[in-house]
Amino acid sequence: MKSEGQIRVAYLIGQYPAFNHTFTLREVRGLRALGLDIRPASILAPDRPPEKLTPDELDEYQRTFFVKPANPLAALAPHLRTLLSHPMGYLRGLASALKLSFSAPRKTPNNLLYFVEAIILGDWMKRERLTHVHSHFTSTVCLVAARVFPVTMSITIHGPEEFNDPEGFLLSEKVRASSFICAISNFARSQLMRYSASEDWDKLEVSPLGVDPSVYAPRPPREAPSPFEVICVGRLAPVKAQHVLIAAIERLVKQGRDVHLRLVGDGPDRASLERAVAARGLKAGIHFEGWRNQPEVLALYQRADLFALASFAEGVPVVLMEAMAMEIPCVATRINGIPELIRDGVDGLLVSPSDEEEMADAIARMMDDAALRVRLGEAGRRRVCEKYDLARNTARLADIFSRRLAGAASLSGHQVSESGQDFRRGLTADAAE
């Protein structure tokens with residue numbers, strides 16, 4: 001039930017729930033625990049059937065509006081309703097979707113699909129009496145919807161993909177059209193400033209992601225592990241550079257080191273990575289875990305001696321926060337937003353991207369120095385607790401919504417504190433299940 005002054009937001013996500021977007025689920029549940037009325041909408045159905053979802057994922061699945069209907073004919077009713085009730089807005093939205101294709105005609109089918117989805121989203125928002133939509137990973141749909149319906153929009157920008165093609169992503173236009181933009185790092189905010197008009201910079205907010213340190217609790221370190229367990233969690237995709245990590249592991253094996261790598265995740269690079277592992281004779285030392293839900297990932301973290309990330313580009317990876325919170329020492333590349341999380345030699349080790357030798361040397365240094373692993377692991381957890389605590393950063397995001405959305409009452413510190421504690425207890429219960 002809606003309470004007086006309650007902030008009500010449609011939360012549009014590309015796919016929800018999903019293995020690789022668990023941080024969004026935590027954010028949604030955290031904002032709801034703080035008293036906001038968050039209504040999730042997902043373009044795609046979950047990446048697993050309902051019976052394979054965790055309890056909290058199942059709860060979110062049951063709350064979520066799915067934009068892409070199972071039967072394409074179901075899209076006709078929202079379009080007909082909108083055409084009859086907002087004929088000029090409907091035509092304006094169609095024209096804007098077509099205009100997006102002027103500089104890239106090959107994108108016309110995608111842009112028309114965005115229009116179809118925007119009408120379904122806006123029709124649902126109208127029926128639910130929602131007037132603001134916040135987006136993760138599907139902001140073009142919001143942009144088109146805001147041109148058809150009397151709604152406002154905001155976006156969380158993660159990077160770095162948005163900055164690879166700012167014109168194709170319509171970055172400046174989206175900043176201009178948004179009530180506000182949340183950047184997950186100072187690096188992301190700097191790139192938004194780079195590609196938007198200075199008059200719009202007051203819309204930019206830094207809103208870091210986070211993890212719950214009570215869920216990702218320290219695991220006991222092993223002083224002389226054999227084999228030495230390295231874990232990497234993330235999509236198996238070119239940008240994640242698992243090929244570089246595999247080459248680094250091969251160097252260590254050739255040095256006679258007893259090291260084992262677990263790759264947790266899946267994606268388009270899996271077949272080529274498996275071929276590389278076979279060609280290098282590393283099948284016994286590198287294991288592909290595939291996607292795992294959060295309780296399963298937690299169990300794998302418990303066995304890890306080191307977290308390694310060789311990515312070519314990143315935002316600020318939540319998986320690094322998870323490992324650091326568990327006092328797992330981390331080696332990662334010195335790119336984009338990662339140095340805001342890990343200070344080299346203080347909270348972990350940073351290496352140059354693409355340099356397999358430097359990556360191997362950093363892992364070897366960790367293998368050879370148990371005291372260093374403990375020191376960096378403990379410092380990493382302190383860093384997460386200070387800067388990337390989920391309850392604190394979700395309260396920060398809630399405050400952004402309360403400040404930015406018209407008519408929203410600010411949450412008091414007492415409300416934030418109590419709700420944050422409730423949210424933390426809820427996450428702990430979910431992890432226990």
Side-chain angles (χ1 to χ4, degrees), residues 7-14 16 21-38 40 132-139 142 152-163 169 171 174-175 177-196 200-213 314-322 324-325 336-341 383-406 408 410-411 413 415-417 419-420 423-424 427:
I7 302 168
R8 305 180 71 233
V9 181
Y11 236 68
L12 183 65
I13 307 155
Y16 186 78
H21 290 163
T22 53
F23 62 87
T24 314
L25 182 143
R26 297 170 194 160
E27 178 175 294
V28 166
R29 293 173 75 82
L31 290 170
R32 200 178 288 130
L34 288 168
L36 283 70
D37 184 5
I38 302 296
H132 185 83
V133 57
H134 187 78
S135 169
H136 281 271
F137 306 116
T138 182
S139 51
C142 291
T152 56
M153 63 177 280
S154 56
I155 309 169
T156 291
I157 295 291
H158 296 259
E161 286 84 357
E162 299 94 329
F163 314 132
F169 187 73
L171 198 54
K174 288 174 180 177
V175 173
S178 294
S179 301
F180 60 93
I181 302 282
C182 292
I184 68 165
S185 65
N186 286 300
F187 170 79
R189 180 172 62 175
S190 75
Q191 298 307 293
L192 287 166
M193 295 172 78
R194 178 182 178 186
Y195 295 117
S196 64
D200 291 326
W201 288 359
D202 63 340
K203 297 180 179 181
L204 307 180
E205 301 265 7
V206 176
S207 178
L209 303 176
V211 298
D212 186 343
E314 284 285 355
V316 182
V318 173
V319 290
L320 279 177
M321 301 175 199
E322 293 171 351
M324 292 167 71
N336 305 133
I338 289 179
E340 295 180 40
L341 172 63
R383 181 69 168 170
V384 168
C385 291
E386 290 168 4
K387 298 292 185 180
Y388 297 93
D389 176 88
L390 178 61
R392 186 182 301 118
N393 288 352
T394 304
R396 179 174 176 172
L397 179 59
D399 181 66
I400 292 171
F401 278 113
S402 72
R403 286 189 288 105
R404 292 287 188 168
L405 297 183
S410 295
L411 293 169
Q415 286 175 306
V416 167
S417 174
S419 299
F423 177 47
R424 205 185 290 283
L427 276 182

* Carboxylate-amine/guanidinium contact Glu322 Arg26, below 4.0 Å -> yes
Are [X] and [Y] packed together at the side-chain level, in the sense that at least one heavy-atom pair is separated by less than 4.5 angstrom?
X	Y	answer
Ile400	Cys182	yes
Val9	Leu405	yes
Glu161	Phe169	no

How long is the gap from [atom1] on [X] to [atom2] on [Y], to the nearest 0.5 Å?
X	Y	atom1	atom2	result
Arg29	Leu390	CZ	CG	11.5 Å
Met193	Asp200	CE	CG	11.5 Å
Leu341	Asn336	CG	CG	13.0 Å
Ile7	Leu36	CD1	CG	4.0 Å
Ile181	Ser135	CD1	OG	9.0 Å
Ser178	Ile157	OG	CD1	8.0 Å

* Can you name the salt bridge (Lys or Arg N to Asp or Glu O under 4.0 Å) partners of Arg32, sequence neighbours left out? -> Glu60
* Asked: Listed by chain and number, what are the salt bridge (Lys or Arg N to Asp or Glu O under 4.0 Å) partners of Glu162, not counting sequence neighbours?
  -> none
Taking all heavy atoms of [X] and all of [Y], pick out the closest pair and write down the distance.
X	Y	answer
Arg404	Leu204	NH2-N, 4.4 Å
Thr394	Gly30	CG2-C, 3.5 Å
Ala183	Leu192	CB-CD1, 3.9 Å
His136	Glu27	NE2-OE2, 2.8 Å
Leu12	Val133	CB-CG2, 3.9 Å
Val316	Gly337	CG2-O, 3.7 Å

Treating [X] as the side-chain partner and [Y] as the backbone partner, does any N or O pair qualify as donor plus acceptor under 3.5 Å?
X	Y	answer
Arg396	Val206	yes
Asn393	Leu209	yes
Lys174	Ser139	no
Arg383	Tyr388	no

* Starting from the C-alpha separation in whole Å, work towards a yes-or-no answer on side-chain contact (heavy atoms from CB on, under 4.5 Å) for Phe23 and His21. => CA-CA 5 Å; Phe23 62 87; His21 290 163; 4.2 Å; yes
* Asked: With a cut-off of 6.0 Å (strictly less than), are more than 12 heavy atoms of other residues, nucleotides or ligands near NZ of Lys387?
  -> no
* Structure fact -> Contacts of Ser154 meeting side-chain hydrogen bond (donor to acceptor under 3.5 Å, both in side chains) (sequence neighbours excluded), chain-then-number -> His132, His134
* To do: Measure from the ring center of Phe180 to the ring center of Phe401 and say whether it is less than 6.0 Å.
  => yes
* Stepwise side-chain contact (heavy atoms from CB on, under 4.5 Å) check, Met321 with Met324 -> CA-CA 5 Å; Met321 301 175 199; Met324 292 167 71; 5.7 Å; no
* Residues Phe163, Leu171; criterion side-chain contact (heavy atoms from CB on, under 4.5 Å); working and verdict -> CA-CA 8 Å; Phe163 314 132; Leu171 198 54; 3.9 Å; yes
